[in-house]
Amino acid sequence: MKFKTLDEADLSGKRALVRVDFNVPMADGEVSDDTRLRAAIPTIEKLRQGGARVVLIAHFDRPKGKRVPEMSLAPIAPALAKVLGATVAFADDCVGEPARAAVEALKPGDVVLLENVRYHPGEEANDPEFARALAANGDLYVNDAFSAAHRAHASTEGLAHILPAYAGEQMRLELDALNKALGDPQRPVMGIVGGSKVSSKLDLLRNLVTKLDKLAIGGGMANTFLYAQGHDVGASYCEKEMAETAREIIRLAGQNNCKLFLPLDIVVAEKMAPGAPARVRGLGEVDDDERILDAGPETVERLGRAMANSRTLIWNGPLGVFEIPPFDKGTVEAARLAGNLAKSGKLVAVAGGGDTVAALHHAGCAEDFTFVSTAGGAFLEWMEGKTLPGVAALAQ
Ligand code: ADP
Ligand code: MG
């Protein structure tokens, strides 16, 4: 897919309507993690330097088409101003008179944030009339919210059909990284998929085995695969009803020449509790009252070798219950191996997923990865091979 970027836009004096993701964590009315605000800065700065009037639109939480004061974007404006080092005005509504007046007051280089788009039912309904009301305050549309691109809403999709549409800098970064990882990767390309459930990642596994040269399965979902192959999993988390599906994925991998890596050894404990006595076991050595909570050392070592023999890695889902030490060990070691390979330029390593990102930070190696996506749902849908409506609408 090809997109227009801001380098191709005539910005001077124009009103740029920019869809950003400011759905940030808040505590006591204050922004507690400003990662998403910082992610929007390159686009905002580029627009300001080009002499555009910057009109930011965003959603916050799920007000379901009504005004919910607790879900106002008002506290975000001063937080953004701090990160940006410039004044950020705020308009009490994203359409109608308040928006019109606030945008009219902007001089080139000025920035305004409009109130939560989801206060209006037309946003999630992708109502063309609502999209036109939003478009009234822009000469061009910039989508910088990859993380909202799996939704076909007025501000993420509809606007791209009304105004000249551009990919923002963060959107471009994300799409480039994803394309390097799965669209057009350097081969061999390897995947690691972990996490708890096979059932929540079925589409993802089915898509990946057709695209990757190697796929390692870990975490709770590996238990289901082991069970499907006739191994005892004791008291482990396991979706026994998914056994046939697991076998189907193993067959699909074979048909597509995707080498599957299932655990060789595992770490078990009787209790899922911090510091619980952990034992390394071979497959089939799990007692009835034991749970598989992490990948074993041989498994991690083999993953490391497979990564070292790959050019590209895409990772979603931890290899064990990383929130509860010592069951973080497999995930932490594998993450550090991947991080070191990426840092030394031997591997393009891309990771995403809420818990995966938390696990990489826990391992202290998120910075070493080539790219870490904070997009959550959009990242997963993209890994499933789905077309993201917000991205498709930007394509020329
Ligand atoms: P992401 O958010 O990155 O997509 P998931 O939500 O799919 O990842 O999976 C993360 C969860 O999987 C974590 O809470 C982790 O504790 C759990 N998990 C990993 N391994 C196991 C296991 N062996 N048994 C039970 N849960 C596990
Ligand atoms: Mg999760």
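In what follows, every heavy atom counts, from backbone to side chain, and hydrogens, waters and symmetry copies are set aside. When a ligand or atom number is given, it counts from 1 through the structure's own listing order.
Summarising the contacts of atom 18 (N) of ligand 1 with Gly352, Gly320, Gly330, Gly353, the nearest heavy atom is found in Gly320.
In terms of protein heavy-atom proximity, atom 3 (O) of ligand 1 is nearest to Thr356 OG1, 2.4 Å. Looking at atom 25 (C) of ligand 1, its nearest protein heavy atom turns out to be Val321 CG2, 3.9 Å. Ranking protein heavy atoms by distance to atom 6 (O) of ligand 1, first place goes to Asp355 OD2, 2.9 Å. Among protein heavy atoms, the minimum distance from atom 14 (O) of ligand 1 is reached at Glu323 OE2, 2.5 Å. Regarding atom 9 (O) of ligand 1, its nearest protein heavy-atom neighbour is Gly195 CA, 3.1 Å.
There is a side-chain donor-acceptor pair under 3.5 Å between His161 and Glu157. Remark: the Ser199 side chain and the Glu239 side chain contain an N/O donor-acceptor pair separated by less than 3.5 Å. Of the N and O atoms on the side chains of Asp127 and His120, not one donor lies less than 3.5 Å from an acceptor on the other residue.
Arg279 places no side-chain N or O within 3.5 Å of a backbone atom of Val267 that could act as its donor or acceptor partner.
Residue contacts with ligand 1: Met221 is excluded, as none of its non-hydrogen atoms falls under 4.0 Å.
When each of Arg19, Glu124, His59 is checked for a side-chain hydrogen bond (donor to acceptor under 3.5 Å, both in side chains) with Ser155, only Arg19 meets the rule.
Closest N/O/S atom of Asp355 to the Mg ion (ligand 2): OD2.
With a 4.0 Å heavy-atom cut-off, ligand 1 is reached by the side chain of Lys201 but not by its N, CA, C or O.
Across Ala99 and Asp93, no two heavy atoms sit closer than the pair CB-O, 3.4 Å.
Checked against a 3.5 angstrom limit, the closest N/O atoms of Ser196 and ligand 1 fall inside it. In terms of N/O distances under 3.5 Å, ligand 1 is not approached by Asp294. Taking any N or O of Gly220, backbone or side chain, at least one lies under 3.5 Å from an N or O belonging to ligand 1. For ligand 1, the polar-atom distance check finds an N/O of Ile292 within less than 3.5 Å of one of the ligand's N/O atoms.
Clustering ILVMFWY residues whenever any of their side-chain heavy atoms sit less than 4.5 angstrom apart, transitively, puts Leu337 in a cluster other than the one holding Leu215. A continuous path of ILVMFWY side-chain contacts below 4.5 Å connects Phe60 to Val83, so both sit in one hydrophobic cluster.
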*Give the intermediate values and the outcome of side-chain hydrogen bond (donor to acceptor under 3.5 Å, both in side chains) for residues Lys201 and Asn316.*
CA-CA 10 Å; Lys201 294 193 177 167; Asn316 166 259; 2.7 Å; yes

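Shown in contact with Asn316 at under 4.0 Å from a heavy atom are these atoms of ligand 1, numbered in order with element: 1 (P), 3 (O), 4 (O). Within ligand 1, the atoms closer than 4.0 Å to a non-hydrogen atom of Pro318 are 8 (O), 9 (O), 10 (C), numbered from 1 in the order shown. Annotation for ligand 1: atoms under 4.0 Å from non-hydrogen atoms of Gly219 are 19 (C), 20 (N), 21 (C), 23 (N).
Taken to the nearest 0.5 Å, the CD atom of Glu270 stands 10.5 Å off from the CZ atom of Arg291.
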